[in-house]
Amino acid sequence: MSAPPVAVKLYRTIAAAAPYLRGLAEQSTPFTFDIESYDAAGSPSRKSIAVDPHHPDFRVRGCAFATSPTEGAYVDFMVDVSSSREPVFSVPDNYSSTDPGIVALRAAFASPAEKSAFNGHFDECGLVYPGWVPEVRNRGRDGMLAAIALGDGTHERLTLAHLVLVLLRKETTWDVDKGLMRDLPVEQVADGAVHDACLTLELCDLLDGWADEDRRIRWSGLTRG
């Protein structure tokens with residue numbers, strides 16, 4: 001079964017996303033987040049660098065948010081700050097701490113609303129360590145950790161695509177080389193990232209329900225994709 005249609009809001013800059021982010025900061029509705037990252041020193045990205053927030057060449061391309069399994073938004077972190085109009089991928093030093101977009105971004109992640117992710121330690125570290133936000137407050141759910149906790153230790157792999165396939169009976173929409181993340185059209189990144197965030201939220205909801213029922217996952221009994 002393919003993933004359901006998802007309504008995607010695209011914000012091409014953090015500044016443009018400020019009203020949306022302020023809305024997230026002011027509401028108590030749980031949301032899911034998912035960053036997209038790349039290696040600033042080369043394309044295609046070196047995989048080990050693109051997933052290492054502590055490396056000096058690590059960059060965040062943008063962040064997706066989902067407030068329901070069928071609705072989300074993507075905020076691109078790329079800005080044009082050079083006189084030659086060459087694309088420059090932003091780092092926190094490009095911004096003032098009083099920039100309205102950055103203030104709203106930090107308020108959203110500091111809100112008391114419960115936040116979820118898939119392997120969220122990476123997403124949180126990717127935002128906090130470079131200095132985009134000082135904290136991610138109340139990251140209470142993690143689709144990967146929940147699958148591990150409820151499983152019997154015989155899982156084949158713990159990628160989002162695989163868990164969505166065997167647990168939700170759906171397919172993810174990303175079918176591109178993420179090593180090219182910094183060069184992909186923003187519309188393509190937004191669509192894929194928001195779909196992943198929405199599926200993560202749905203996966204977390206499913207596993208929360210199973211935990212409440214004390215239902216365990218017998219991986220060997222599931223159809224493998």
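Because the structure is predicted, anything quoted here is derived from the model rather than measured. Just the heavy atoms: all of them, side chains too, but no hydrogens, waters or symmetry mates, feed the values below.
With hydrophobic clusters built from ILVMFWY side chains whose heavy atoms lie under 4.5 angstrom apart, V51 does not share a cluster with I49. A chain of hydrophobic side-chain contacts below 4.5 Å, direct or via other Ile, Leu, Val, Met, Phe, Trp or Tyr residues, connects L163 to W210. If you chain together hydrophobic residues whose side chains sit under 4.5 Å apart, L201 and L206 never meet in one group. If you chain together hydrophobic residues whose side chains sit under 4.5 Å apart, L160 and W219 fall into the same group.
Here the side chains of V133 and V136 are in contact, with some heavy-atom distance below 4.5 Å. Using a 4.5 Å heavy-atom cutoff, the side chains of D208 and R141 are in contact. Considering only heavy atoms from C-beta on, L150 stays 4.5 Å or farther from R215 through its side chain.
In this structure, F109 has its ring center closer than 6.0 angstrom to the ring center of F33. In summary, the aromatic rings of W132 and F77 are positioned with their centroids under 6.0 Å apart. Aromatic rings of Y11 and Y74 (six-membered ring for Trp) have centroids beyond the 6.0 Å cut-off, not under it.
Considering NE2 of H162 and CG of L167, their distance stands at 8.0 Å, rounded to 0.5 Å. Considering OG1 of T172 and CG of L165, their distance stands at 8.5 Å, rounded to 0.5 Å. To the nearest 0.5 angstrom, H54 atom NE2 is 3.5 Å from C125 atom SG. D57 contributes atom CG, which lies 10.0 Å from atom CG of D52 (distance to the nearest 0.5 angstrom). For the atom pair CG of L203 and CE of M144, the computed distance is 11.5 Å after rounding to the nearest 0.5 Å. For the atom pair CD1 (I148) and CG (L207), the distance works out to 11.0 Å, reported to the nearest 0.5 Å.
Nearest heavy atom pair, residue A147 against residue I217, reads O-CD1, 4.1 Å. Here the closest heavy-atom approach between residue V128 and residue P134 is recorded as CG1-O, 3.8 Å. V60 and G126 make their closest contact through CG2-O, 3.4 Å (heavy atoms, listed as atom of the first residue, atom of the second, distance). Residue S37 comes nearest to A50 through the heavy atom pair OG-O, 2.6 Å, listed as atom of the first residue, atom of the second, then distance. V75 and T13 get closest at one heavy-atom pair: CG1-O, 4.0 Å. A pairwise comparison of heavy atoms in L21 and A108 identifies O-CB, 3.7 Å as the closest pair.
The salt bridge (Lys or Arg N to Asp or Glu O under 4.0 Å) analysis of residues 186-195, with sequence neighbours excluded, yields the pairs R12-E187.
Inspection of the T200 and T32 side chains reveals no N or O donor paired with an N or O acceptor under 3.5 Å.
In summary, R216 and D214 engage in a salt bridge, as defined by a charged side-chain N under 4.0 Å from a carboxylate O. With salt bridges taken as basic N to acidic carboxylate O contacts below 4.0 Å, none links D152 and R218. We find that E202 and K170 are joined by a salt bridge, their nearest charged nitrogen and carboxylate oxygen being less than 4.0 Å apart. Salt bridge R139/D123: absent, no basic N to carboxylate O contact under 4.0 Å. In this structure, K47 does not pair ionically with D39, as no charged nitrogen and carboxylate oxygen lie closer than 4.0 Å.
In this structure, the side chain of D142 engages the main chain of N119 through a donor-acceptor pair within 3.5 Å. In terms of modelled atom types and a separation under 3.5 Å, the side chain of H155 and the main chain of R157 share no donor-acceptor contact. No donor-acceptor pair under 3.5 Å is formed between the side chain of R182 and the backbone N or O of R61. Side-chain atoms of K115 come within 3.5 Å of backbone N or O of R137 as a donor-acceptor pair. A distance-only check finds a donor-acceptor pair linking the side chain of N138 to the backbone of P112 [under 3.5 Å].
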Next item on the list: With side chain to side chain contact (heavy atoms under 4.5 Å, CB included) as the test, would you mind laying out the steps for F58 and Y38 before giving the verdict?
Entry: CA-CA 6 Å; F58 173 88; Y38 65 97; over 6 Å; no

Next item on the list: Go through the steps to decide whether E71 and V8 satisfy the test side chain to side chain contact (heavy atoms under 4.5 Å, CB included), and finish with yes or no.
Entry: CA-CA 6 Å; E71 182 178 12; V8 178; over 6 Å; no

Next item on the list: Could you walk me through whether L10 and V194 pass the side chain to side chain contact (heavy atoms under 4.5 Å, CB included) test, one step at a time?
Entry: CA-CA 9 Å; L10 168 58; V194 171; over 6 Å; no

Next item on the list: Determine, stepwise, if the pair D34 / F118 fulfils side chain to side chain contact (heavy atoms under 4.5 Å, CB included).
Entry: CA-CA 8 Å; D34 175 38; F118 188 88; over 6 Å; no

